[in-house]
Amino acid sequence: DKKDVNGFRFACIRACWRLMLCLVLSSVSFMAPGVAFAQQDELDPATLIEALGREGMGELLLHLVETEKPADPVVARQVELAGLRLEFQRVSALARGSSGPKVKALQAQAAEAFDRLAQASRSLIADNPKHDRRPIWQTDLAQDLLLDYLYGLHQSAPLFAEFGVTTREQRIALEEVSGEALALLSDAKLRLFKLRGEVGRDPARSEKLQSSGLFFKLFDEYDRRRTPYFLSQVAFMVAQLPDDAPYYQNLGATDGVRIPSQASSPAKERVRLLELADRELKTFTGDIGDMTGVRDAAISLRGRVLVARGQHTQGIEFFQELIDGQDRGAPWLTAS
């Protein structure tokens with residue numbers, strides 16, 4: 001029966017931790033053939049945890065860690081974080097699929113679940129300032145704040161703000177987390193830059209990162225893709241905030257995370273942020289093969305960035321490319 005089948009599956013997974021990780025990483029190598037797995041004796045368990053969480057295999061992940069307790073305290077905390085993310089996703093799905101009087105209660109539960117997830121992420125980052133995975137955790141938290149909190153729980157607040165029609169709750173949410181997300185991504189980008197230099201000067205460290213699969217994750221998935229993509233979005237989002245927003249009122253102040261090259265006035269900082277967004281988006285809008293899967297969204301955003309910079313003709317050219325295309329998704333609608 002189903003119980004016996006699941007028991008057999010879990011037993012096989014427990015016995016084949018490394019094999020399972022190899023299979024997960026093999027799917028990554030299919031999408032990115034350049035990644036090398038010459039030495040897989042030191043594969044990173046955290047990679048398996050993140051992959052199982054992304055693939056919606058939460059039941060399997062939690063059962064696995066119950067029977068094979070992680071020896072590394074950092075990995076144990078990542079398991080806890082994965083469990084909190086799964087709980088948030090579960091409650092959010094219930095809220096989206098409900099109607100009537102239950103909706104508000106479920107939405108409140110989803111908000112509470114997100115708060116627990118975000119706080120656990122913040123604690124993991126704060127407690128491990130020199131960990132190689134810190135830029136990954138910072139980018140993931142910023143992504144959660146942008147997609148799950150602002151676009152999910154607060155119903156596309158950045159877009160409503162861009163078009164000047166936010167609710168009071170959306171405006172407060174934007175002002176509360178936008179500066180944090182920008183600081184996280186700015187610091188992650190700087191750390192990845194420094195880490196690449198350190199690894200380049202240390203062949204043994206480079207070999208260890210490559211054999212664990214972490215080298216590809218850090219420098220391809222995050223340094224080249226995730227971190228700059230979300231940095232461009234958040235930089236543009238912060239550039240839309242008014243002068244009295246907390247971010248602009250606290251320019252130059254430090255809360256433990258410095259923002260490189262931050263300007264001294266709201267007007268100058270907006271110029272810097274829009275330049276930053278435009279620069280980071282160039283890679284994605286020039287990705288003709290759309291290897292990252294975000295080209296249309298990047299084209300729409302870059303057009304809006306250019307318009308905000310006063311380059312209206314160039315911005316409209318980007319909009320027109322989407323409007324003339326066949327896809328009628330969200331980027332097309334925004335461009336229109």
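Owing to the predicted nature of the structure, the values given are computational and were not obtained by experimental measurement.
Between H131 and W137, the two ring planes are tilted [angle within 30° to 60°].
Applying the 6.0 Å contact sphere to CZ of F193 captures no more than 12 heavy atoms from other residues, nucleotides or ligands.
Under a 3.5 Å cut-off, the side chain of T227 and the backbone N or O of D223 do not form any donor-acceptor pair. Side chain of D144 to backbone of D148: no donor-acceptor contact under 3.5 angstrom is found.
Under the 4.5 Å side-chain criterion, counting only non-hydrogen atoms from C-beta, F219 is in contact with L195. L117 is not listed as a side-chain neighbour of E87, based on a closest heavy-atom distance of 4.5 Å or more.
The heavy-atom pair separating L274 from A239 by the smallest distance is CD2-CB, 3.9 Å. Between P260 and R272 the shortest heavy-atom distance is O-NH1, 3.4 Å. Counting all heavy atoms, side chain and backbone alike, S92 lies closest to A110 at OG-CB, 3.9 Å. In plain terms, the two heavy atoms of R270 and L241 that are nearest each other are NH2-O, 2.8 Å. Between D132 and L218, the shortest heavy-atom contact is O-CD2, 3.4 Å. The two residues L141 and E180 make their nearest non-hydrogen contact at CD2-OE2, 4.1 Å.
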Output, in order, the C-alpha distance, side-chain angles, deciding distance and verdict of side chain to side chain contact (heavy atoms under 4.5 Å, CB included) for Q240 and L174. CA-CA 10 Å; Q240 309 304 303; L174 275 165; over 6 Å; no
Would F319 and V307 count as a side chain to side chain contact (heavy atoms under 4.5 Å, CB included) if you check the C-alpha gap in whole Å, the side-chain angles of each, and the deciding distance to 0.1 Å? CA-CA 10 Å; F319 296 149; V307 168; 3.9 Å; yes
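Remark: Q320 pairs with I323, D324 by the side-chain contact (heavy atoms from CB on, under 4.5 Å) rule, at least two apart or across chains.
For R226 and Y229, the positive end is not near the middle of the six-membered ring at less than 6.0 Å and at most 45° from its axis.
A donor-acceptor pair shorter than 3.5 Å can be found between the side chains of Y247 and Q262. Side-chain contact, Q210 with S206: a donor N or O sits under 3.5 Å from an acceptor N or O.
Among pairs with a residue in residues 298-315, those fulfilling side-chain hydrogen bond (donor to acceptor under 3.5 Å, both in side chains) read E162-R304, D278-R302, D278-R309, T285-R302, S300-R304, at least two apart in sequence or across chains.
Hydrophobic clustering places L231 together with Y151 (ILVMFWY residues linked when any side-chain heavy atoms are closer than 4.5 Å, directly or through intermediates).
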